[in-house]
Amino acid sequence: MELRSRLLPNLTSDPDFFGRFAERFARYMGTANFLLYMTVFVIVWIAINVVGLFGLHWDPYPFILLNLFFSTQASYAAPLILLAQNRQDDRDRVQIEQDRSRNERNLADTEYLTREVAALRITLREVATRDFVRSELRGLLEDLLALQDNDAETHSRDSRTSRSPATSSIRAVSAKRTTNP
């Protein structure tokens, strides 16, 4: 056994290296360059063997050697293409799993945020909203402006009173608010 290991090199194949090679090979075979080079090769092969350039006729008319070459190429190309497809399927499967887990996390986050928003809405029912506060402030401002106009008229008529216009306006507004709930 030890003699065998000394004489034969260690031929352990790296599946990842071979898989990358298969993908590059399959990718190249699907290009226009490959088809162009293969067409040029076949035309040159046939031209040399039919015309006999330089006196060469190694594969006469039925082109059996060319057919053997194509068969060998096909017998190697098919498994390499299948290997490349299997590797792509594995990558797709991993990507689908990652997408699924990401979607599950997004769904959980969305459900959590929905519950939080619902809780905030329930809590805010008891709190005055911005629009409510604005409308109340507008009403108070209108009341103050109306009282200020009244006070200005009253002050011009009765300049002898000891109360200031601001004090009388505030008292009038608070009296109006207590009478109108």
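We count residues from 1, following the sequence as given.
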Distance in Å, Asp143 CG paired with Asn150 CG, rounded so as to fall on 0.5 Å steps: 11.0 Å

- prompt: Does Asp99 pair with Arg102 as a salt bridge, N-O distance under 4.0 Å?
  reply: yes

message: Grouping I, L, V, M, F, W and Y whenever their side-chain heavy atoms are under 4.5 Å apart, do Val40 and Val51 come out in a common cluster?
response: yes

Please output the side-chain donor-acceptor pairs of residues 68-80 that fall under 3.5 Å, not counting sequence neighbours, one pair per line with the distance.
unit_1	atom_1	unit_2	atom_2	d
Ser71	OG	Asn67	O	3.0
Thr72	OG1	Leu68	O	2.8
Ser75	OG	Ser71	O	3.4
Ser75	OG	Thr72	O	2.8

- request: Could you state whether Leu82 and Phe25 fall into the same hydrophobic cluster, counting links through intermediate Ile, Leu, Val, Met, Phe, Trp or Tyr residues with side-chain heavy atoms under 4.5 angstrom apart?
  value: no

Could you tabulate the donor-acceptor pairs under 3.5 Å formed by side-chain atoms of residues 110-118, not counting sequence neighbours?
unit_1	atom_1	unit_2	atom_2	d
Thr110	OG1	Asn106	O	2.7
Thr114	OG1	Thr110	O	2.7

task: May I ask you to list the residues sharing a hydrophobic cluster with Ile81, side-chain cutoff 4.5 Å, ordered by chain and number?
output: none

field: Fellow cluster residues of Leu141, listed by chain then number, with links counted only when side-chain atoms sit under 4.5 Å apart
entry: Leu145

- request: Please name all residues satisfying side-chain contact (heavy atoms from CB on, under 4.5 Å) with Ile48, sequence neighbours left out, ordered by chain then number.
  value: Val44, Leu53, Leu56, Trp58

- request: Establish whether Ile122 and Leu120 are linked, either directly or via other cluster members, by ILVMFWY side-chain heavy-atom contacts under 4.5 Å.
  value: no

- request: Sequence neighbours left out, what passes salt bridge (charged side-chain N to carboxylate O under 4.0 Å, His left out) with Arg20? Give chain and number order.
  value: Asp16

task: Starting at CD of Glu23, measure out to CG of Leu83 and round the result to the nearest 0.5 Å.
output: 7.5 Å

- request: Only pairs at least two apart or in different chains count here, so list each side-chain hydrogen bond (donor to acceptor under 3.5 Å, both in side chains) that has a residue in residues 35-51.
  value: Trp45-Asp59

- request: Just jot down the side chain to side chain donor-acceptor pair (under 3.5 Å) partners of Arg105, sequence neighbours excluded, or say none.
  value: none

query: salt bridge (charged side-chain N to carboxylate O under 4.0 Å, His left out) with Arg138: which residues, sequence neighbours excluded?
result: none

query: Going by atom types only, do Asp92 and Gln88 share a side-chain donor-acceptor pair under 3.5 Å?
result: yes

statement: Residue set satisfying side-chain contact (heavy atoms from CB on, under 4.5 Å) with Thr31, at least two apart, ordered chain then number -> Tyr28, Asn33, Phe34

- request: Could you walk me through whether Asp90 and Arg93 pass side chain to side chain contact (heavy atoms under 4.5 Å, CB included), step by step?
  value: CA-CA 5 Å; Asp90 292 342; Arg93 195 173 304 114; 2.8 Å; yes

- request: Quick one: list whatever passes salt bridge (charged side-chain N to carboxylate O under 4.0 Å, His left out) with Glu104, sequence neighbours left out.
  value: none

query: Who passes side chain to side chain donor-acceptor pair (under 3.5 Å) against Asn103, sequence neighbours left out?
result: none

Aromatic plane relationship, Phe63 with Tyr61 - under 30° parallel, 30 to 60° tilted, over 60° perpendicular: perpendicular

